[in-house]
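A quick note: this is a predicted structure, and the numbers were derived from the prediction, not measured. When reading the values below, keep in mind they use all heavy atoms of this one structure, side chains included, and skip hydrogens, waters and symmetry mates.
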Amino acid sequence: MKSNLNDAIEKVLIPRSEIEKRIAELGKEITEEYKDKGELVVVGILRGAAMFMSNLALSIDKNVGIDFMSVSSYGQSSESSGTVRILKDLEEDVSGKNILIVEDIVDSGRTLNYLIKILQDRDAKSVKIATLLDKEDRRTSYVKVDFVGFKVPNEFIVGYGLDYAQKFRNVEDICVLKKSFYEKEI
Ligand code: PRP
């Protein structure tokens with residue numbers, strides 16, 4: 001844990017060593033899944049998935065395309081607004097390709113529900129999901145999540161790409177944020 005960030009952290013939920021071990025396992029599962037299935041493009045959803053995406057792509061033993069999308073569903077709020085806007089679209093055409101969407105966390109499921117639909121409409125050969133974290137208790141929209149790093153409780157989680165008001169993304173462990181910290185900030 002980076003010592004300058006300790007003040008805001010309630011506890012470490014998943015240490016970096018465990019995260020990286022699990023990502024290596026997911027890389028093997030994904031390599032196996034797409035072994036004989038043709039072209040694969042991994043699509044990272046900015047910004048939260050950046051750390052997971054890099055590490056996961058390096059753990060896949062297959063030549064994969066790398067692309068990114070940026071969508072906005074939350075704005076400054078901590079609750080999904082229900083409408084999803086594309087802020088940055090893919091560079092590549094996805095038609096006929098296997099697409100693996102890479103997310104840091106699935107919460108209500110609204111963002112992924114929307115993304116799966118648009119990629120299917122663009123005639124992707126298949127669309128699957130890999131997420132580092134799954135906050136299942138919060139789900140309001142059904143999403144089939146194919147690869148899950150860890151299931152997490154309904155707490156305010158930061159680190160390894162996840163933020164609170166754009167802070168804490170570079171905390172190396174997945175941590176629970178102190179309630180007093182974000183109440184003070186608001
Ligand atoms: C987070 C996360 C997912 C989405 C999940 O992104 O990265 O994209 O929310 O929530 P949902 O399942 O309720 O739709 P956020 O909008 O916070 O942006 P960020 O990745 O830049 O942090």
Side-chain angles (χ1 to χ4, degrees), residues 13-73 80 84-136 138-152 157 159-163 169 172-174:
L13 203 58
I14 312 165
R16 180 178 179 176
S17 56
E18 239 181 86
I19 301 168
E20 291 181 348
K21 204 170 116 205
R22 181 72 188 120
I23 295 175
E25 289 170 3
L26 288 176
K28 284 195 182 124
E29 282 176 41
I30 291 165
T31 303
E32 188 56 32
E33 171 68 28
Y34 290 99
K35 200 168 51 182
D36 304 313
K37 296 209 172 128
E39 207 170 331
L40 172 63
V41 181
V42 287
V43 172
I45 309 305
L46 297 169
R47 286 169 267 181
M51 279 71 170
F52 176 45
M53 167 82 171
S54 313
N55 209 329
L56 185 67
L58 291 170
S59 306
I60 299 173
D61 187 6
K62 178 184 172 87
N63 205 347
V64 298
I66 304 271
D67 213 335
F68 293 95
M69 279 183 96
S70 178
V71 295
S72 162
S73 52
S80 179
V84 180
R85 277 190 309 133
I86 297 180
L87 303 177
K88 183 217 168 294
D89 209 334
L90 297 172
E91 306 290 329
E92 304 296 327
D93 179 8
V94 300
S95 78
K97 298 174 188 168
N98 296 296
I99 304 300
L100 181 65
I101 303 177
V102 178
E103 267 287 21
D104 54 341
I105 189 161
V106 187
D107 194 319
S108 71
R110 286 196 196 107
T111 306
L112 279 176
N113 225 283
Y114 171 84
L115 284 172
I116 291 167
K117 278 197 195 91
I118 30 173
L119 296 179
Q120 283 171 343
D121 286 349
R122 294 179 187 183
D123 293 324
K125 183 177 172 193
S126 69
V127 182
K128 288 189 191 273
I129 311 296
T131 187
L132 179 59
L133 306 177
D134 187 356
K135 223 185 227 185
E136 257 182 338
R138 297 260 303 168
R139 202 76 92 253
T140 55
S141 302
Y142 173 77
V143 186
K144 180 179 181 293
V145 186
D146 303 279
F147 304 95
V148 178
F150 303 91
K151 292 187 176 164
V152 288
I157 291 167
Y160 213 86
L162 287 96
D163 74 310
R169 290 196 197 269
E172 64 189 332
D173 310 300
I174 290 171

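Between the side chain of D67 and the backbone N or O of E92, at least one donor-acceptor pair lies under 3.5 Å. A donor-acceptor pair under 3.5 Å is formed between the side chain of T31 and the backbone N or O of D61. Formation of a donor-acceptor pair under 3.5 Å by the K97 side chain with backbone atoms of D93 is found in this model. With hydrogens and angles disregarded, a donor-acceptor distance shorter than 3.5 Å links the side chain of N98 to the backbone of E39. With N113 contributing its side chain and Y142 its backbone, the two residues share a donor-acceptor pair below 3.5 Å. Under the 3.5 Å distance criterion, the side-chain polar atoms of K37 are matched with a main-chain donor or acceptor of E33. At least one donor-acceptor pair closer than 3.5 Å links the side chain of R139 to the backbone N or O of D107. At distances below 3.5 Å, not a single donor-acceptor pair connects side-chain atoms of R110 with backbone N or O atoms of T140. Panel note: side chain D104, backbone L162; no donor-acceptor pair is recorded below 3.5 Å.
When the shell of 6.0 Å around CZ of R85 is examined, it contains 12 or fewer heavy atoms from other residues, nucleotides or ligands. The 12-atom threshold is exceeded at NZ of K88, counting heavy atoms of other residues, nucleotides or ligands nearer than 6.0 Å.
In this structure, N63 CG and Y34 OH are separated by 15.5 Å, a value rounded to the nearest 0.5 Å. Note: K62 NZ to L40 CG = 6.0 Å, rounded to the nearest 0.5 Å.
You'll find the side chain of L133 reaches within 4.5 Å of the side chain of I174, heavy atoms only. Using a 4.5 Å heavy-atom threshold, the side chains of Y160 and N55 count as touching. A heavy-atom distance below 4.5 Å is found between the side chains of I101 and L119.
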